[in-house]
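Below is one structure, written out as C-alpha cells, with a few remarks after it.
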Amino acid sequence: DTGVSQDPRHKITKRGQNVTFRCDPISEHNRLYWYRQTLGQGPEFLTYFQNEAQLEKSRLLSDRFSAERPKGSFSTLEIQRTEQGDSAMYLCASSFPDRTEAFFGQGTRLTVV
Amino acid sequence: AQSVTQLDSQVPVFEEAPVELRCNYSSSVSVYLFWYVQYPNQGLQLLLKYLSGSTLVESINGFEAEFNKSQTSFHLRKPSVHISDTAEYFCAVSEAGAGSYQLTFGKGTKLSVIP
C-alpha cells in the first residue's frame, strides 16, 4: 500500500487555461475526497465520492470545476478557464465508508500566472 | 454547519518544554474531533481523534487532547516537545453520524521547536 498518490505535484498554468489533476486513492478505499488549501488557511472541502458516485459538492466548487471518478478507483479534478484565485494546494484523501479517518495525499500545488 | 478556530497561528517553544495548541469549535450538532499534523513537504496525517467515550485521547508520540463539551474545545498538549515535532497542526471537525465524514478545518498552528 503506497498511500494516496496525486499527480502532478506542481502545476504552473496561464490564466484561462484548463488543468486536470489526478488522484489515486489507497486501494479498496471506497470514499475519495477533494479539498483545497489556500495560503494561510486550512483545507476546505470541495467534493466527495463513494465509489463512482459523486455524493456531495461544496458551494466552493463553481461550474468551472468538475470532478470524476469513472470506475470508482482514481479520480480527476478539472478546472476550466483558470483564474488567479484558483492558485492553491489541491488535496485528495480517501477512506473506507464506515471509517472516520481519511488518508491524505501530498497534494497538487497549482499556480495560475 | 461547523466552524473551527485555532487561536494561535504560530507557537514557538523550546525543546523539552510543554506546549498547548488551542482549538475551539462551533456546531449545532454533535461532532467528531480530529487533530492532523503536516510535516514540511508532506501530506496531512491524523494525529488523534475523539469520537465518543473517554474525553482524553492520546497519540502514539506523546500528544494528548481533551474534549470539553461545555467549552467547545479540543486543545492539543504535549508535556515535552522534541525538534521533530516542528510542523503545522490542524484541528478539524466532522458531523457525527452524518455519513460523509467531510472535515471542516481550522487555519492551522505552526509549531516551531527551538533547540
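Naming: A, B, ... by sequence-line order, numbering from 1 per chain. From a predicted model like this one, the values you see are computed outputs, not experimental measurements.
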Under 4.5 Å, heavy atom to heavy atom, which residues of residues 103-111 of chain B contact chain A? B:Leu103, B:Phe105, B:Gly106, B:Lys107

More than 12 heavy atoms from other groups under 6.0 Å of CZ on A:Arg64: yes

Heavy-atom cut-off 4.5 Å, strictly under: side chain, backbone, both or neither for A:Glu56 against chain B? side chain

Same cluster or not: A:Phe104 versus A:Leu110, using hydrophobic residues (I, L, V, M, F, W, Y) connected whenever any side-chain heavy atoms lie under 4.5 Å apart? no

Which portion of A:Ala102 sits near chain B, non-hydrogen atoms under 4.5 angstrom: both

Inter-chain contacts: residues 8-19 of chain B against chain A, heavy atoms under 4.5 Å: none

Please answer: with hydrophobic residues joined when any side-chain heavy atoms are less than 4.5 Å apart, are A:Phe96 and A:Leu32 in the same cluster? no

Given that the side chain runs from C-beta out, which part of A:Arg99 has a heavy atom under 4.5 Å from chain B: side chain, backbone, both or neither? backbone

Does anything in residues 32-50 of chain B get under 4.5 Å of chain A by heavy atoms, and if so which residues? B:Tyr32, B:Phe34, B:Tyr36, B:Gln38, B:Asn41, B:Gln42, B:Gly43, B:Leu44, B:Leu46, B:Lys49

I need the contact set between residues 71-95 of chain B and chain A: heavy-atom distance under 4.5 Å, sorted by residue number. B:Phe90

If I measure from the heavy atoms of chain B, does A:Gln6 come under 4.5 Å with its side chain, its backbone, both, or neither? neither

Carefully, step by step, assess A:Tyr48 and B:Tyr101 under the rule side chain to side chain contact (heavy atoms under 4.5 Å, CB included). CA-CA 10 Å; A:Tyr48 93 96; B:Tyr101 299 139; over 6 Å; no

Membership question, hydrophobic clusters at under 4.5 Å side-chain separation (ILVMFWY): are A:Leu91 and A:Val112 in the same one? no

The interface call for A:Phe103 against chain B, heavy-atom contacts under 4.5 Å, is neither

Hey, any chance A:Leu61 and A:Ile79 share a hydrophobic cluster, counting ILVMFWY side chains that come within less than 4.5 Å of each other, even indirectly? yes

Is it the case that one hydrophobic cluster holds both A:Phe65 and A:Tyr33, taking links as side-chain heavy atoms less than 4.5 Å apart, direct or via other members? no

